[in-house]
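Below you'll find the structure, written out as structure tokens, and then a few comments.
Order of the sequence lines sets the chain letters (A, B, ...), proteins ahead of strands, with each chain counted from 1. Computed over heavy atoms, backbone and side chain alike; hydrogens, waters and symmetry mates excluded.
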Number of protein chains: 2
Amino acid sequence: MARDRSLPRRATIHDVAAVSGISRGTVSRVLNGEPYVSDHARQAVEAAIREVGYVRNTAARNLVTQRSRAVALIVHEPHSLVLEDPNIGNILIGTNAELSNADYQMVTLILDSARDSERVAEYLRGGFVDGAIILSARVGDPIALAVAELGIPAAFVGHPPNAPDIPYIGIDNTSAARQITTRLLKTGRKRIGMIAAALDRDSGQDRLTGFTAALGERFDPTLVVDFPLYAYDTGAEGMRQLLAREPAIDGVFAASDAVAAGAMDVLRNAGRRVPDDVGIVGFDDSSWAIRCHPALSTVRQPADELGRQAALQVLDQLRGGPRPTGGTLLQTEVVWRDSA
Amino acid sequence: MARDRSLPRRATIHDVAAVSGISRGTVSRVLNGEPYVSDHARQAVEAAIREVGYVRNTAARNLVTQRSRAVALIVHEPHSLVLEDPNIGNILIGTNAELSNADYQMVTLILDSARDSERVAEYLRGGFVDGAIILSARVGDPIALAVAELGIPAAFVGHPPNAPDIPYIGIDNTSAARQITTRLLKTGRKRIGMIAAALDRDSGQDRLTGFTAALGERFDPTLVVDFPLYAYDTGAEGMRQLLAREPAIDGVFAASDAVAAGAMDVLRNAGRRVPDDVGIVGFDDSSWAIRCHPALSTVRQPADELGRQAALQVLDQLRGGPRPTGGTLLQTEVVWRDSA
DNA sequence: TTTATGGTTGGGAACGTTCACAGAAGGCTT
DNA sequence: AAGCCTTCTGTGAACGTTCCCAACCATAAA
């Protein structure tokens with residue numbers, strides 16, 4: 001262990017104190033923006049800091065303050081999905097922006113297997129982070145339970161049914177689904193079906209609820225099919241089933257853009273024109289939406305804002321704010337393009 | 001500052017020492033797997049660790065060892081591109097897997113503006129991380145310069161021309177571009193153009209070089225257009241220009257899958273059939289490739305392996321290994337589908 | 001018996017901060 | 001003039017590790 005490969009030894013608070021002629025304690029006060037520091041002292045310290053190129057040693061600070069100034073972003077998805085879901089990238093960006101703005105570090109934890117779960121739980125117990133943001137948790141998620149048990153500041157982005165009592169940020173899936181279905185209705189469609197997905201998550205369940213509400217008396221349960229995943233294949237298979245059940249179908253609400261893309265391809269192969277013969281709408285306003293032909297009408301969810309709000313929520317708890325119960329829902333927006 | 005909101009005080013090495021009846025020094029030796037510890041002592045310590053639920057305090061350790069056990073993953077892209085580029089997600093996953101496997105923390109730094117640049121440089125100087133992995137650096141990248149100057153263990157994924165002397169992991173863009181262009185030629189195309197992008201990066205430059213080499217005498221500089229970004233819009237605009245210059249064009253190499261997707265849509269709107277009238281190939285084998293109609297022939301690059309290798313490279317330097325000069329190139333593979 | 005040797009152990013010192021406390025200086029009230 | 005705030009400053013004592021040195025105990029060699 002060559003400990004000193006010519007390291008020029010970083011400046012410490014003692015160096016700043018010596019150069020400025022001000023005591024260590026006062027230097028610390030300046031560093032932390034505390035009151036009760038004279039202008040004279042403050043200026044001398046600031047000059048000395050610049051002169052010796054001082055930057056604070058985090059380890060020493062963390063040791064004495066008993067915190068880490070880091071927040072974990074826990075992504076609980078099978079690896080392949082991390083990229084399939086365009087929302088995750090945006091959430092990550094929003095979270096990162098807000099945390100680094102507050103001078104906190106974002107530590108990304110991607111986990112997949114049960115072994116990872118145990119490792120991450122151990123990690124959290126180790127006090128490596130002061131708080132956690134949990135993405136895409138499932139029912140009975142062991143990490144969510146561990147976080148709840150530790151009682152560290154935390155927030156969900158979206159939340160599973162029966163989740164532990166941790167505040168969450170999400171969107172109003174029910175209302176958004178109702179809105180876009182209503183607009184689809186106004187284009188004059190008579191026989192409207194839905195390809196539902198992920199009914200074990202609130203998002204999937206709520207989108208179905210909103211769809212049902214929008215149709216009212218026109219709702220026909222035989223025109224709803226459902227599958228486990230928000231995926232292209234879900235849309236393809238779902239559309240095949242719907243066409244078989246009701247050849248005269250002229251409108252489809254797909255539970256996500258990827259689902260819509262799959263459905264659209266099946267429609268094309270079946271010789272139906274979109275939107276002339278069948279109108280179709282999706283959900284997410286992800287990159288799928290503009291890649292479709294025709295471009296997809298869909299619901300935009302503010303993914304980066306979800307990340308930001310979750311970060312702010314955790315930061316607030318970190319500052320001693322109360323841990324709110326329940327959730328915050330952000331606004332969505334219907335984006336009307338050419339597919340319906 | 002309520003310092004003790006009923007905190008049960010985490011167990012320290014002293015507690016382990018007291019419970020096991022072994023000295024602090026020996027407990028530390030057990031913790032670090034050092035030699036010169038008797039079996040008796042080791043077992044007693046391990047039992048005590050379990051009994052008191054001890055986990056090591058990182059801050060204290062970092063303070064005395066003068067390192068952080070964290071590696072920065074620096075992503076230098078305009079925010080919107082972080083999600084557009086499917087490679088980044090995969091690289092991130094690979095890096096994360098390898099670092100956490102070695103018990104290192106991955107700190108994701110996403111930066112965009114010049115202001116961010118300064119902030120990150122300051123961050124690196126602060127000793128928050130022991131090493132850095134730099135993604136998608138551009139020519140004259142200030143972060144790359146800062147990392148080089150600090151001399152901390154680092155690696156590029158891909159590397160810009162005139163980059164500082166930091167090892168890099170990449171793919172052989174030139175050879176891959178040559179291969180796929182050659183296959184495109186073999187489908188009997190006579191007038192082949194290229195929509196190039198990001199010529200300020202090695203990837204963009206090398207793909208053009210490979211394309212040129214493959215065509216040999218058939219190369220016609222008027223059939224090359226170039227744009228700053230690997231983006232859908234690049235492909236759309238590029239294809240319009242190429243069609244205007246040479247209506248008889250029957251083959252296109254797009255610098256990325258996203259570019260190819262844009263080009264394909266313009267071709268379709270212009271009434272050209274793919275692959276019957278025009279053959280088109282892309283690069284990346286990203287999710288764009290299978291969503292296109294017809295599915296795109298392209299080059300698969302092992303993005304997660306790039307991330308893994310970069311992590312291993314940095315870890316090796318961290319263990320005192322020499323910093324290699326130059327780079328390592330990973331194998332690519334041509335994926336032949338229906339677009340050519 | 002003495003001396004060297006090598007494995008094993010214990011404890012002092014240091015890492016660079018923040019915190020709490022004591023106290024100084026100056027202005028105001030009594 | 002004494003007392004009491006208020007503002008400001010300096011210093012000792014942690015925080016929980018690792019590192020290093022000294023010492024211990026067998027055993028082997030002299």
Side-chain angles (χ1 to χ4, degrees), chain A residues 1-4 7-46 48-49 52-69 103 125-128 130, chain B residues 1-4 7-46 48-49 52-69 103 125-128 130:
Chain A
M1 290 291 168
R3 187 162 177 181
D4 49 356
L7 14 104
R9 201 179 72 76
R10 280 174 47 197
T12 74
I13 202 173
H14 295 98
D15 299 319
V16 175
V19 168
S20 63
I22 306 285
S23 82
R24 183 171 43 88
T26 300
V27 173
S28 176
R29 275 183 281 266
V30 171
L31 249 24
N32 294 301
E34 287 175 18
Y36 301 135
V37 176
S38 65
D39 283 351
H40 163 74
R42 190 179 305 278
Q43 283 163 24
V45 167
E46 282 167 354
I49 286 176
V52 302
Y54 170 78
V55 301
R56 196 195 251 126
N57 181 315
T58 327
R61 175 187 225 203
N62 290 348
L63 177 58
V64 64
T65 57
Q66 308 274 43
R67 33 187 61 100
S68 67
R69 287 200 88 79
D103 204 24
R125 255 191 293 282
F128 291 76
D130 297 336
Chain B
M1 290 290 164
R3 187 163 180 179
D4 48 357
L7 17 103
R9 201 179 72 79
R10 279 175 48 197
T12 74
I13 203 173
H14 295 98
D15 299 319
V16 175
V19 168
S20 63
I22 305 285
S23 81
R24 181 171 45 86
T26 302
V27 173
S28 176
R29 275 183 283 266
V30 171
L31 249 24
N32 294 301
E34 287 174 19
Y36 300 135
V37 176
S38 65
D39 283 351
H40 163 74
R42 189 178 308 277
Q43 283 162 23
V45 167
E46 283 168 354
I49 286 176
V52 302
Y54 171 78
V55 300
R56 196 195 251 127
N57 182 316
T58 327
R61 177 187 222 202
N62 290 349
L63 176 59
V64 64
T65 58
Q66 307 274 44
R67 35 186 61 99
S68 67
R69 287 201 89 80
D103 203 24
R125 256 191 292 280
F128 291 76
D130 297 336

Got a list of protein N/O to nucleotides 22-25 of chain D N/O distances below 3.5 Å?
none

Q: Report the residues that fulfil salt bridge (charged side-chain N to carboxylate O under 4.0 Å, His left out) with B:Asp15, sequence neighbours left out, ordered by chain and then residue number.
A: B:Arg9
Q. Excluding sequence neighbours, so at least two apart, what forms side chain to side chain contact (heavy atoms under 4.5 Å, CB included) with B:Ser28?
A. B:Ile13, B:Asn32
Q.
Nearest whole Å is fine: how far is C:dG6 P from B:Glu34 CD?
A. 19 Å
Q. Which atom names give the shortest non-hydrogen contact between A:Arg56 and A:Arg10, and what distance separates them?
A. O-NH2, 3.5 Å
**Q.** Protein-nucleotide distance (A:Arg61, atom CZ; C:dG16, atom C1'), rounded to Å
**A.** 12 Å
Q) What nucleotide among C:dT18, D:dT18, C:dC15 has an atom nearest to a side-chain atom of B:Ile13? A) D:dT18
Q | Spacing of B:Leu63 atom CG relative to D:dA14 atom P, expressed in whole Å | A | 17 Å
Q: Rounded off to whole Å, could you give me the CZ-to-P distance for the A:Arg42 and D:dC8 pair?
A: 9 Å
Q | B:Asn32 side chain near D:dT18 phosphate (N/O to OP1/OP2, under 4.0 Å) | A | yes
Q.
Rounded to whole Å, how long is the line connecting atom CZ of B:Phe128 with atom P of C:dT17?
A. 11 Å
Q: Scan residues 29-43 of chain A for pairs that pass salt bridge (Lys or Arg N to Asp or Glu O under 4.0 Å), counting only residues two or more places apart or in two chains.
A: none
**Q.** Partners passing side-chain hydrogen bond (donor to acceptor under 3.5 Å, both in side chains) against A:Ser20 (at least two apart in sequence or in another chain)
**A.** none
Q) For A:Tyr54, what residues pass the ring pair (Phe, Tyr, Trp, His ring centres under 6.0 Å) criterion, not counting sequence neighbours? A) none
Q) Partners of A:Ser38 by side chain to side chain contact (heavy atoms under 4.5 Å, CB included), sequence neighbours excluded? A) A:His40, A:Ala41
Q | By side-chain hydrogen bond (donor to acceptor under 3.5 Å, both in side chains) - contacts of B:Thr58 (at least two apart) | A | none
(Q) Measuring to OP1 and OP2 of C:dC15, would you say a side-chain N or O of A:Asn57 lies under 4.0 angstrom away? (A) no
Q) Below 4.5 Å, heavy atoms only, C-beta onward: do A:Asn57 and B:Leu63 meet side chain to side chain? A) yes
Q: Measure the angle between the two terminal helix axes of the helix from C:dT1-D:dA30 to C:dT30-D:dA1, five base pairs each, and quote it to 10°.
A: 60°
Q. So does B:Gln66 get a side-chain nitrogen or oxygen closer than 4.0 Å to the phosphate oxygens (OP1/OP2) of C:dG16?
A. yes
Q) Mind checking what makes side chain to side chain contact (heavy atoms under 4.5 Å, CB included) contact with A:Ala17, not counting sequence neighbours? A) A:Val27
Q: Could I get the full list of side-chain hydrogen bond (donor to acceptor under 3.5 Å, both in side chains) partners for B:Asp130, not counting sequence neighbours?
A: B:Ser68
Q: Would you mind building the protein contact string for nucleotides 8-13 of chain C? One character per nucleotide, 5' to 3', B for base within reach (heavy atoms under 4.0 Å), S for sugar-phosphate only, - for untouched.
A: BBBBBB
Q.
Is A:Ser28 close enough to C:dT18 that one of its side-chain N or O atoms is under 4.0 Å from OP1 or OP2 there?
A. yes
